[in-house]
Q: 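The following block contains the structure, expressed as structure tokens.
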Amino acid sequence: MTYSGEVTVGGPADVHELKDLMITKIAVGPMNNNAYLLRCRATDEQLLIDAANEAGTLLGMIGRDGIASVVTTHRHGDHWQALAEVVAATGARTYAGREDAEGIPVRTDVLVDDGDTIRVGGVELTARHLVGHTPGSIALVYDDPHGHPHVFTGDCLFPGGVGNTHKDPEAFASLIHDVETKIFGALPDETWVYPGHGNDTSLGAERPHLPEWHARGW
């Protein structure tokens, strides 16, 4: 079936099958958080992005093969409610942005900086540090050698705008700058965007609206 990226809490996961990577998206918890399970097709190694909530649901999606690692996109509590239980059950190595790790109540094994590489089997993801929603938010970019890029943006980019900066002009200026330079400026319109909540989008769908986002200030 064709991947849509439209998932609901309590509903089935949706699977995006790429040549080298399988991406499984599921919605969990009272804040409709997205969690993403990445599986390298050559090695079957798995990585989870945001153990947000409903540990049982996430562990069911992960299955018997377990996960090698779990990446937390940022320190807000709705993105790590199931982290401790998932790590206890799988022994996964934990990753988070350097500036946000102290706000996550589970030990971060690997502190992530801008440009760092995180591997899942034979697949490489590049971390992009985006400041404004939190000090240490990270996005993960998979530059598919067989197609267009894919980017997991946490709460830094959604359909219709950047993440919440709580009416702080300085935080908004920082976030819009980082999103423009490190995401829109570095990646093509075909790039698929997987946000921390809600439906997916593409950079091409959002790029024409950047001036509107600047003008409104959020």
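This structure is a prediction, so every number in the text was calculated from the model and none was measured.
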Q: Would you say Thr108's side chain and Leu111's backbone share a donor-acceptor pair under 3.5 angstrom?
A: no
Q: Checking side-chain contact (heavy atoms from CB on, under 4.5 Å) against Arg39, which of Ile23, Thr24, Asp65 comes through?
A: Asp65
Q: Checking His76 against His133: is there a side-chain donor and acceptor pair closer than 3.5 Å?
A: yes
Q: Side chains of His209 and Glu206: do they bring a donor and an acceptor to under 3.5 Å?
A: no
Q: Among Ile67, Val70, Val123, Ile118, which one satisfies side-chain contact (heavy atoms from CB on, under 4.5 Å) with Leu47?
A: Ile118
Q: Rounded to the nearest 0.5 Å, what's the gap from CG on Leu58 to OH on Tyr36? Could you check?
A: 13.0 Å
Q: Is any side-chain heavy atom of His79 closer than 4.5 Å to one of Ile104?
A: no
Q: Look at the side chain of Thr94 and the backbone N and O of Arg107, then say whether any donor-acceptor pair between them is shorter than 3.5 Å.
A: yes
Q: For the atom pair CZ (Phe172) and CZ (Arg216), what is the distance rounded to the nearest 0.5 Å?
A: 7.5 Å
Q: Check the side chains of Asp78 and His197 for a donor-acceptor pair under 3.5 angstrom, ignoring hydrogens and angles.
A: yes
Q: Could you give the distance from NZ (Lys25) to CD1 (Ile49), rounded to the nearest 0.5 Å?
A: 11.5 Å
Q: Under 3.5 Å, side chain of Glu99 to main-chain N/O of Gly136, donor-acceptor pair present?
A: no
Q: Side chains of Ile176 and Leu210: does their closest heavy-atom pair fall under 4.5 Å?
A: yes
Q: Would you check if the side chain of Thr72 reaches a backbone N or O of His74 as a donor-acceptor pair within less than 3.5 Å?
A: no
Q: What is the distance from atom CG of Leu125 to atom NE2 of His150, rounded to the nearest 0.5 Å?
A: 11.5 Å
Q: What distance do Asn164 atom CG and Cys156 atom SG have between them, rounded to the nearest 0.5 Å?
A: 11.0 Å
Q: Look at the aromatic rings of His16 and Tyr194 and report parallel, tilted or perpendicular, splitting at 30° and 60°.
A: tilted
Q: Is a donor from one side chain sitting under 3.5 angstrom from an acceptor on the other, for Ser4 and Asp14?
A: yes
Q: Does a salt bridge link Lys19 with Asp144, judged by any charged N lying under 4.0 Å from a carboxylate O?
A: no
Q: Could you check whether Glu180 and His214, counting side-chain N and O atoms only, form a donor-acceptor pair closer than 3.5 Å?
A: yes
Q: Quick check against the 3.5 Å criterion: does Glu45 have a side-chain atom that pairs as donor or acceptor with the backbone of Cys40?
A: no
Q: Closer than 3.5 angstrom, by distance alone: can the side chain of Asn34 be matched with the main-chain N or O of Ala27 as a donor-acceptor pair?
A: no
Q: Is there side-chain contact between Val28 and Val9, with heavy atoms separated by less than 4.5 Å?
A: no
Q: If you measure from the Lys or Arg side-chain nitrogens to the Asp or Glu carboxylate oxygens, is any gap between Arg41 and Glu17 under 4.0 Å?
A: yes
Q: Are Ser69 and Tyr95 close enough that some pair of their side-chain heavy atoms sits under 4.5 Å apart?
A: yes
Q: Is it the case that the side chain of Asp100 and the backbone of Arg75 share a donor-acceptor pair, with hydrogens and angles ignored and the cut-off at 3.5 Å?
A: yes
Q: Is it true that a side-chain atom of Asp200 and a backbone atom of Glu6 form a donor plus acceptor pair closer than 3.5 Å?
A: no
Q: If we only count heavy atoms from C-beta on, is the Arg98 to His129 side-chain gap below 4.5 Å?
A: no
Q: Has Arg128 got a side-chain atom pairing as donor or acceptor with Asp114's backbone, closer than 3.5 angstrom?
A: no
Q: Decide side-chain contact (heavy atoms from CB on, under 4.5 Å) for Leu157 and Leu203; before the verdict, give the C-alpha distance in whole Å, the side-chain angles of both, and the deciding distance to 0.1 Å.
A: CA-CA 10 Å; Leu157 177 63; Leu203 292 187; 3.9 Å; yes
Q: Evaluate the side-chain proximity of Ile183 to Val151: yes if any heavy-atom separation is below 4.5 Å, no if none is.
A: yes
Q: Do the non-hydrogen side-chain atoms of Val86 and Leu48 ever get within less than 4.5 Å of each other?
A: yes
Q: Does Leu18 reach the side chain of His146, with side-chain heavy atoms less than 4.5 Å apart?
A: no
Q: Where do Gly132 and Leu175 come nearest, in terms of heavy atoms and distance?
A: CA-CB, 3.9 Å
Q: OG1/Thr126 to CD1/Ile138 distance, rounded to the nearest 0.5 angstrom?
A: 11.5 Å
Q: With ring centroids as reference points, do Trp192 and Phe152 lie under 6.0 angstrom apart?
A: no
